[in-house]
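The structure under discussion appears below in the form of structure tokens.
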Amino acid sequence: MKNKKQIIFVILVFLLSIILSLGVELLYFNKEVITTNKTDQAEILNTENIEENNGEFLTTENSSITISIPDKVHKLQFEYETEENFEWKVEYKTEDNTEVELIEDSSNLINQAVRKLDAKTKKVKITFLTDNVKIKNIEINNEIYINWNRVIVFVVAITLFLILIIFRKYFYKRLDKAFLLIAIPVGILFILVLPKTVYTSWDDQIHIKNAYTAFSSEQATFSQGLQKLQAKDELDQKYFQTTEERLALYDKINELHKETKDRVIQLNNYSPKYNRLVYLPFYVGFKIADAINLNLTTGIVLAKILNLLCYIGLIYAAIKVSTYAKKLVFAVGLIGSNLFLSSQFSYDPTIIASIILALAIFLRQLELEKINNKYIFIFILCIIWASLPKAIYCPLLLLLWFIPNKKFESKKQAIAVKVLAIIIAIILATTFILPFFLGSVAGDSRGGNTNASAQLSLILHNPIAYAILQTKFFLTDAPRLLLGINTFQGVAYIESMLEPLNQILYLISLVFILRVTFQTPLDKKVITNKIKIAFLLALITLWLLITSAMYLSFTEVGNTTIEGVQARYFIPTLLPLLLLLCKTEKDKKEDKNDKDLALLIVPLIILIAMVVMFVYKGCGV
């Protein structure tokens, strides 16, 4: 794509997409107010049980204000002062005399309420169900409002679709570059349109604290703004339903952070610092933001972008190093769950990407006549990185034992590398096993009757019963965990807001990944029966370790099921599982197909649809 004409074409496509997106924003999303474009002070018709003083109103319980509407109301807004969250009700009749009643909630963290009504009516009654709330500046907002998130989404979507369609031959042959073209802009869109707060992805309220204080043990600076982010009840979606309200929330959090950023909290975090290396991208982002005095929400965005780039960089390297499995690595790397988590406070994506890169390197070494020492070093490093926070993945190091000795420079080198793999695996495993035997793991810190040491004792005294429990669990839960919706479309705490569209996207994702799998032939000389057995043993071992870890740490003592097991823990095993499903050929031929547009377009459709859902459902700003 070095040709000047192609570059000019891309620029023109980008400019055209901007014009189209702005046109849609103005003519479609603002069609009700495009001829009005103004905000009017509301005319008060009457009040009930409310104290008025110089245009300000002090509520009592069940007090109300009725306002006149000239023609239509796009948004109803007012300012307020309160010491606690309060509830209020909106009532009006539409043109066809349909009575509408809306119950709303507002937060004491901000001082304005903005609700989108989009109604043609003559009057609106606002009833306040909480007393001691000071209300002022009630307004009818019929102004044009440009939702820049929506505009950016349309610009990116149109540009990417046209580029991939026009230059499909180029990108089909260079899937590593196609991955960058899709993952970087869409991943950044995820960050921009989703909340700059937490309670979006699993346990992100814990991860943000760990990321900000990653290498502190006893004490650390932790502002009141960061503490507010962890207060789930105060950040409930019901209090911040519009863009204006969420922006006001961010302003408040940034203000609190600036005023109290030197506040010291007690951590008593004595876990090994190597366990926290996985938070390094987030930590660096926060440190940069604090060093140049950025506000907290900008620091959150920067921290997320660095984590996203780590994930993208690892997958890019995996695609680059792959040969026969390149399409499969590309497809797995663009799974919606992976890109969503990589854009939020979660270390799972870098674990997943590290294992994918390690497996891609392993396959590459099987293809080469002689191993590449640099690749072997990176393989070991990737597994170590993935295993430091979750040692259950360390058995993957033993895959090195399935590389034939003849591929090494000498038998001595082969033995040295394979013994080293065992030693490292044992060291990593002890970080997981020893705490249970020493009784230093109490269980789930979030509560419940969990006790890891007691659970371990129960397993050791009843091994047959535990084996039966594991068997039942896999027979009933394996499909959901290995190929279920949370494997491909897991969007954590906001999943319920996206139904049923998320179910449709899941089905498309599943069909797409299976299509790529069944159309990916592997060289039978490389993926031998021995290698397939190695993958199968690795999968069974990892599955048992994952469920055992959850049984020990997150399941109440003596429970006859396994709690806390989530699909994201199994995503690192997805690639080897799919490789087992691929067909093998004796004489692997070069892929000359350069017209498989679905390989490029389907992941983009799924990811853009997810972004559009986030915007449409008002999941963030």
Side-chain angles (χ1 to χ4, degrees), residues 59 61 77-90 102-116 128-135 191 193-213 220-267 282 286 289 295-301 303-304 344-346 445-447 491-497 614 617-621:
T59 68
E61 192 171 352
Q77 60 191 41
F78 58 85
E79 297 176 10
Y80 59 83
E81 294 177 20
T82 180
E83 292 183 359
E84 60 181 19
N85 302 334
F86 66 95
E87 196 175 54
W88 50 289
K89 180 170 63 175
V90 178
L102 305 170
I103 303 295
E104 307 290 351
D105 292 272
S106 288
S107 169
N108 64 349
L109 288 176
I110 60 176
N111 60 6
Q112 64 173 317
V114 182
R115 289 295 186 272
K116 188 175 180 180
F128 298 94
L129 308 177
T130 309
D131 58 5
N132 292 320
V133 181
K134 187 181 289 186
I135 306 295
I191 294 171
V193 304
L194 286 165
K196 314 303 186 289
T197 55
V198 291
Y199 294 102
T200 302
S201 64
W202 291 285
D203 301 327
D204 56 357
Q205 76 280 9
I206 298 172
H207 292 311
I208 191 172
K209 183 176 181 179
N210 291 342
Y212 197 83
T213 64
T221 56
F222 202 75
S223 73
Q224 193 177 354
L226 283 161
Q227 291 177 49
K228 286 292 183 184
L229 284 178
Q230 295 183 295
K232 185 177 183 180
D233 291 340
E234 292 191 53
L235 296 181
D236 196 299
Q237 176 79 12
K238 67 182 180 181
Y239 297 123
F240 314 101
Q241 296 186 22
T242 58
T243 301
E244 293 88 344
E245 290 175 330
R246 284 187 286 271
L247 289 174
L249 171 65
Y250 298 156
D251 287 341
K252 182 62 176 179
I253 289 172
N254 290 331
E255 179 188 332
L256 290 171
H257 181 67
K258 186 177 181 180
E259 292 174 353
T260 61
K261 67 189 311 180
D262 294 328
R263 179 170 292 185
V264 175
I265 61 168
Q266 198 72 26
L267 287 176
F282 297 119
F286 279 129
N295 61 44
L296 178 57
T297 52
T298 305
I300 287 172
V301 169
K304 288 180 176 181
Q344 302 302 307
F345 283 102
S346 172
S445 60
R446 293 168 295 185
V491 285
Y493 300 139
I494 59 175
E495 182 176 13
S496 60
M497 299 175 65
F614 296 151
K617 291 292 185 178
C619 297
V621 172

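When every heavy atom of D233 is checked against every heavy atom of Y239, the shortest pair comes out as O-CE1, 3.3 Å. Of all heavy-atom pairs spanning Q241 and Q237, the tightest one is CG-O, 3.7 Å. T242 approaches K116 most closely through the heavy-atom pair CG2-N, 4.3 Å.
The side-chain heavy atoms of F345 and K304, taken from C-beta on, include a pair separated by under 4.5 Å. Within the 4.5 Å cutoff, side-chain heavy atoms of Q224 are placed close to those of R263. Taking 4.5 Å as the limit, some side-chain heavy atom of F222 sits within range of a side-chain heavy atom of Q230. The shortest distance between side-chain heavy atoms of L194 and I494 falls below 4.5 Å. Contact check for T82 versus T130: no side-chain heavy atoms found under the 4.5 Å cut-off. At least one side-chain heavy atom of Y80 sits less than 4.5 Å from a side-chain heavy atom of I135. A 4.5 Å side-chain heavy-atom check between F614 and P195 finds every atom pair outside the cut-off. Counting heavy atoms from C-beta outward, V198 and Q205 have side chains that approach closer than 4.5 Å.
In this structure, D105 contributes its side chain and E87 its backbone to no donor-acceptor pair below 3.5 Å. Formation of a donor-acceptor pair under 3.5 Å by the E245 side chain with backbone atoms of V114 is found in this model. Not a single donor-acceptor pair under 3.5 Å links the side chain of Y212 to the backbone N or O of F282. The main-chain N or O of Y199 is found under 3.5 Å from a side-chain atom of D204 such that the two form a donor-acceptor pair. No side-chain donor-acceptor contact under 3.5 Å links S223 to the backbone of E259. S201 places no side-chain N or O within donor-acceptor distance of the main-chain N or O of Q344, the cut-off being under 3.5 Å. In terms of modelled atom types and a separation under 3.5 Å, the side chain of N111 and the main chain of E81 share no donor-acceptor contact.
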Hey, mind stepping through K252 and K228 against side chain to side chain contact (heavy atoms under 4.5 Å, CB included) and telling me if it holds?
CA-CA 10 Å; K252 182 62 176 179; K228 286 292 183 184; over 6 Å; no
Side chain to side chain contact (heavy atoms under 4.5 Å, CB included), that's the test. Do I300 and L229 meet it? Break it down for me.
CA-CA 11 Å; I300 287 172; L229 284 178; 3.7 Å; yes
Side chain to side chain contact (heavy atoms under 4.5 Å, CB included) between Q227 and T260, intermediate numbers included
CA-CA 10 Å; Q227 291 177 49; T260 61; over 6 Å; no
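Taking the ring centroids of W88 and F78, they lie under the 6.0 Å cut-off.
Taking CG of L249 as the reference point, atom OG1 of T197 lies at 7.0 Å (rounded to 0.5 Å). How far CD of E244 is from CD1 of I110: 10.0 Å, rounded to the nearest 0.5 Å. Distance CD1/I208 to CG/D203: 13.5 Å, rounded to 0.5 Å. Atom CD of Q112 and atom OG of S107 lie 11.5 Å apart (nearest 0.5 Å). Put simply, CD on E104 and CZ on F128 are 11.5 Å apart, with the number rounded to the nearest 0.5 Å. Atom CG in L129 sits 9.5 Å away from atom OG1 in T59 (nearest 0.5 Å).
Heavy atoms of other residues, nucleotides or ligands lying less than 6.0 angstrom from NZ of K261 number more than 12.
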